[in-house]
Participant: 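Provided herewith is a single structure, encoded as structure tokens, for subsequent inquiry.
Chain letters run A, B, ... following the sequence lines, proteins first and then strands; every chain starts at 1.
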Amino acid sequence: MRFQSLGQYGLVLFALVYLAGVYFVSSPVWMGFTINALIVALAALSWNITGGFGGLSSFGHAALYGTGAYASAILQVKYGFNAWIGFGAGIAAGAAMGALIGGLAFRYGLKGSYFALVTLAFAEVLRICASSFEWTGGGSGLQLKLMPGIAQLQIVDRPWVYTGLLVVVAVVMLLTALIQKSRFGAYLIAIRENEDAAEALGINTYQIKVQAMAISGAFGGLAGVLYLQLWLFIDSTVVYGSAVSVEALIGPIIGGAGTVWGPLLGTLGLHLLGEGTKHLLPNSPGLNFVLYAVVLICALRFLPQGLVGFAARIGVLRKKDQDDA
Amino acid sequence: MKNTFNRRTLLQGSGALALGVSAPSVLRAQTPIVKVGVLEPLTGNLAYNGTQCAAGAKFAAETINAAGGIKSMGGAKIELVIVDAQSRPEVAASAVDTLVEANVCAFTGATASALGLASSQAAAKYNLAQVFSIGTAETVVSRGLPNVFRFTPGVNKCTSIALENLKLLNQGAGNVVKTAAIVHEDGPFGSNMAKILTEELPKQGIQIVETIPHPTPHRDFSNIALRVKASKADILIPSNYINEYTLMARALNQQRVELKAIYSILGGAASNIKFVRENNDVAQYVMDCNHWYDPTKAESKALAAKVAAAGLDLTYDVMVSYATIQVIADALERGASADRQKMIASLAASTFDKSIMPYGPTKFVNGDNTSAQPVNTQIRGDKIELVFPKQYASAEAVFPMPVKKN
Amino acid sequence: MLEIKGLKAGYGAMSVLQGIDMQIHAGEIVALLGSNGVGKTTLNNVISGFIVPTAGSVTFKGQRITGLKPLEIVALGIAHVPEGRKIFPNLSVRDNLKLGAFRRAHERIKQNFDRICALFPRLKERLDQLAGTLSGGEQQMLAIGRGMMSEPELIILDEPSLGLSPIMVEEMFAMIAQINAEGAAVLLVEQNVMQSLSAAKRAYVLEQGRFVMEGEAASLLANPQLQQAYLGL
Amino acid sequence: MSILIIPAILSGMMMGAVYALVALGLTLIYGVLHIINFTHGSLLMLALYVVYFLNFHLGLDPYWVIPFVLPLFFVVGYCLQRGLIAPMSGGSEQNVLLITLAISLMIDNLALYFWTSNTRSVDIAYAYDTVEIFGALLPFGRVVAFVVALAAAPLVWAFMAFTRTGSAIRAVAIEKRGAELVGIDVNHTYAICFGIGTACVALAACLLLPTFYVTPQVGYTFVLVAFTTVVLGGMGSLPGALLAGLLLGIIESLCGLFLGESLGQIGIFLAFILILFFKPSGLFGKRAGA
Amino acid sequence: MLEVRHLSKTFGGLKAVSDVSLDVQEGSIIGLLGPNGAGKTTCFTMIAGFTKADSGQVRFAGREITGLSPHKICRLGMIRTFQIVQPFAGLTVQENIAVGAYLHHHQRKEAMAVARDIGKRLGLGGLLDRPAASLTIAGRKRLELARALATGAKLLLLDEVMAGLIPSEINEIVDIIRQIQSDGHTILLIEHVMQAVMKLAETAYVLNQGRLIAHGTPQQLVSDPSVVEAYLGHGAAARLQEGQHA
């Protein structure tokens, strides 16, 4: 990875120090909260593929997240499969759902707010279906049997959970970086910037967009599966609710959409903010969200390029050449 | 309350340090403190019930502290650490970390089974006891977690007792009820209950003519009322939350559905005084089989007065949460220790029978209080009266309800 | 009436206009010539307030208008009929025209409406038709008519003959002459060199953000350099 | 079950009229400002509280406070757009979306803090009155809502069609640059439009409260359906919103009747997805989504 | 190499292009001229597959390509550029060119190498690592050409590559286009400015009001009264004649 400024190095360094520091601060609260943040960061990384690199702002990433979680849970609860099989199946199901939504939406050329609304509707339909059919546990949701141990991917020891999640997030970020530097990534960015020009250069834009949705779906499914394995319980609102979709997109936008580090930094930042507001206003439930919202609005106003973009302006390493203008 | 803990732990810590080096003047007689967690959804969808529960816990702690605290621990005062589960399971689970860090000896919660399942699982890792105020889903106690204690009855028990009571009522009235319609929310407790009813009611000679699940929130109950009306059921058995219950009751009235009885099981509104106040007409004679306190106890009356003084509605959430704090206080009293492991042992051995709930001596079997039982209430005038079981009753049941003069 | 001094403007890092001086006097037609992409539209957008210049000034009737909002400039009496017309396709011809008087001359909307209907009889026939259903020439008339509803003292016409048939082009230039005769100064941006030069009193030729020629229209018409610029003769 | 069809259709229409009214405001905002306004549900909730408190403290009837609540919420909407959404978003579509989300988070939680999560409903004399139409008993409050909503849509439409401000709004909606060229103050027009949209939602609140309840979360109960209605009707189309609202009410009611109430909403969202795929511009939409 | 037959397109009652036929021989540079709004770009979009023609056929390298999608046409070796050049802003200059090169070089390493080569050939050597958004208009035009070349296309449809350039830049780009031709590419060039086409094109077609009005060498065309009128307006030819006589 190459950064253009000291600010960006600083930001990443801060995140790494924080993530490493969690091991040493013997606080279960920090670790627990960071674990939650990492799962959301995975959803954010998933959104980042389509929303960040592809410029296809989805408002229903819960559809992918939830499908992954449900696929795995159904296999385990209803058919008694091993959690690892559920793990793989969840990722595959997420990818398939992504391809399906993308395949339909892009076929009719939906983009912009239309695409956002369609994805939102998809997530809603899935939420209602999941809460209505017996197969998905209906409104009661699905509860995994408590079977601690790596064999069923139920890790009890928090530091190990945390370490595992760090590895998964690192792998997904590495994949993101590889995608960014690959033919596929270049095509995706080209589509975001100018779809006609991309098409003219021989890019099958439809195919690339659907593939992007599938990859995004795989990451989203992965996030959903890990949520399931961590809390052993899902229901329709928990995994298909609009809160998931909002969290998936808000992190990358605040952090910096279409960057490798943005989703993680944004999600961590927002979770720290949420935790901070909770500590500032401990006895007034609700007011912490108000403060959170105020800070969020200010962040949107004053960090239009996200955290990564903001950091890019601090201590620029390579001067812009003079003859640019 | 929670904001004080950091400072206090700090003070305690520095006090301990100071102990070694300086004069014993730092050991001024300070009332000892024992911390109890309250994990409830204070924001989000379940905020109403969560807030009510938190209020109940506060009243209990106040009462216990006013009566001298935990005597076996030198009159230690109960300090509640109230944390917000935000109506989300993962937040509920994370909130357990906060409780552990605050060094609570046990905690109560968490209004909805989904939240409670997540929190008790997280608490299991710390050997931290969770005394469920409400957690009707049977999975709560079927997981074999040693730190789970459900003080109140689960859905199976509520339903079976409701059925028994219904049978008694119906027999007393000469078996006038022959058909029933079930309306239930499609979440865990409603669906589960409907399943049991479908199996059990026919055994009592009551035929189920209509079963209608609905989502929460639901905006319009006209269709449901019409279907109930068309089914010509004698009795309606609803099970849903307060908002839906209110809309349903109105729709039933508007569609002039004639029923011999409305007999709800764990109904969100039928034992909520607000419903009685705001929808007095339609609320009359509605029966509910639900968690409820023993109204004859002095402490219950005191609680009712406190709740009214605080401008709150007296709901079962307040009562059960109050009672769980009582249970925890009793365990502390007997164990004389705030140690988490000891609390679990102490709770497991509980035979507490002085709670405001109409239960016998507590007996936890696999974490489930086998002596817990729901009661039947009936709305009469602007009051909610307890009609079953007889030994706690404050009024005689009216069944079937008198024909309205519409 | 309109005076531009040392004007520089561009988009972001890209500078388009690189120091322009220009005058338009009351009641005259001034032609602005130049090929695609040399900055004609940028100049128009600076005058009508959509682009804030990086240097230089624009004054109108002695008042500095650089930095004013488009609506304030409209209120002062400059109407801009842009390339691409920007009419309201989902509104009727009548509503389109009425909106022309939104900011200025609203009290004389009735007279102006009649005046424009008289000037563009084709529009009068189609008053209740949606503007989007008009032909290209009619849309152009509508755009000009809408601009005139505000009784402008200066009207900027950006490529009014673009996409019109030869007969329509003739008609268009006749109308421009008439608009001018009614008192408005006209800044005419055109690719139709011959006709705009014959209609205009003076002209400027823009190349790469600078004026390379300016002067009386008649003398420019005879200037062989101009023909070379356009035809490569 | 067949005898229930007519009552079901009628009660679906009654509910649909409320959807239409909520959607009317949303479609205006969507059609003109081209933003997905997530504050809409929160504003509905806020209006419900205002109507509730006017009734609770001053004993005012929810229907009679309409002349007061409507202008109030027009001002609220105007200020929200002009003072907060526009300056804070810096023109980015993504930011607008997040800002409306943040504002809605703010409003919801302020309501939770100040008014608690208690469910409140008004106690009025006609709460249980019904009107009989085609043998179906329809709640009086719903019938009033239906009639007023049906009347409100043409009023808004007439405002848009016949007033100077109305045509300015329509002009800005389709051709922003053209509007600026004739001297329309686009920001002011946007804010007016947002104000009208908010007033629509306030009207919906006045009509809804007698038959419904209010909690800090109540907005979500309607906002998703309202989005669906907007897209189904065609973005920015007022008759579209009205028709789509009624249609969705009926679809929901019939699906609920035949498939079970839990699946009633599926009908709505399936209709939504089908419409989007086969006619991305919606029932009355003029422009395709692509 | 390219044969266009009877291409027509109507937009909402307006005949944008009617019955246009033209041929481009391999290795040549052919101009497509006409005033603004004459329908040149519409022709391009139809040939390259972006817009569906109402009627008519397009054949490329002996193959019928009417109705194929743009990316398929590009794969066959024909590519169009855009009048308003928009580089992919999130990428560097080299990565921009690589987007084109990826068509036949799937590995990043290869594609980037190809991109560097082509970038250098087109005088972008010193700018390869810059963000594409920072380029000047002239730079963007070169980048557009480079991207198109990187796809390995045989036939380039260039849409006003000289618009907005100053004369010295025009001269440079003319040289570049010549060089591209000498490398074995065929070029169809849309131009508004005849001057530039004069130096490049062997023959040119003139479009006005959606119709072909003339075809010939540039010299023939500028003396064609119908072309002069199309460009300078009604009566221009006569007036020019007078001017020459005077």
Participant: I need the single residue from D:Ile103, D:Leu101, D:Ile85 that forms a side-chain contact (heavy atoms from CB on, under 4.5 Å) with A:Ile297. Which is it?
Facilitator: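 In the set D:Ile103, D:Leu101, D:Ile85, the residue that makes a side-chain contact (heavy atoms from CB on, under 4.5 Å) with A:Ile297 is D:Ile103.
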Participant: Checking heavy atoms, do the side chain of D:Pro87, its backbone, both or neither come under 4.5 Å from chain A?
Facilitator: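 Backbone only.
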Participant: Check each atom of D:Phe114 against the heavy atoms of chain A and say whether the ones under 4.5 Å are side chain, backbone, both or neither.
Facilitator: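 Interface part for D:Phe114: neither.
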Participant: Any non-hydrogen side-chain atom of A:Tyr292 less than 4.5 Å from a side-chain atom of D:Leu105?
Facilitator: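 With C-beta onward as the side chain, the pair touches.
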Participant: Quick one: what part of A:Ala116 sits under 4.5 Å from any heavy atom of chain D, side chain, backbone, both or neither?
Facilitator: side chain
Participant: Could you walk me through whether D:Phe227 and A:Phe59 pass the ring pair (Phe, Tyr, Trp, His ring centres under 6.0 Å) test, one step at a time?
Facilitator: CA-CA 13 Å; D:Phe227 276 122; A:Phe59 214 87; 8.4 Å; no
Participant: Can you tell me which portion of A:Phe122 sits under 4.5 Å from chain D's heavy atoms? Options are side chain, backbone, both or neither.
Facilitator: both
Participant: Does any heavy atom of chain D fall under 4.5 Å from the side chain of A:Val246, the backbone, both, or neither of them?
Facilitator: side chain
Participant: Is it the backbone or the side chain of A:Leu300 that comes under 4.5 Å from a heavy atom of chain D, or both, or neither?
Facilitator: both
Participant: Closest heavy-atom contact between A:Leu296 and D:Ala102?
Facilitator: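 Result for this residue pair: CD2-CB, 3.9 Å.
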Participant: Only pairs of heavy atoms separated by less than 4.5 Å count here; which of D:Leu84, D:Leu98, D:Leu97 has the most with chain A?
Facilitator: D:Leu98
Participant: Less than 4.5 Å to any heavy atom of chain D: does that hold for the side chain of A:Leu104, its backbone, both, or neither?
Facilitator: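 Contact with chain D: backbone and side chain both.
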Participant: Which atoms of D:Ile36 are under 4.5 Å from chain A, going by heavy atoms: the side chain, the backbone, both sets, or neither?
Facilitator: side chain
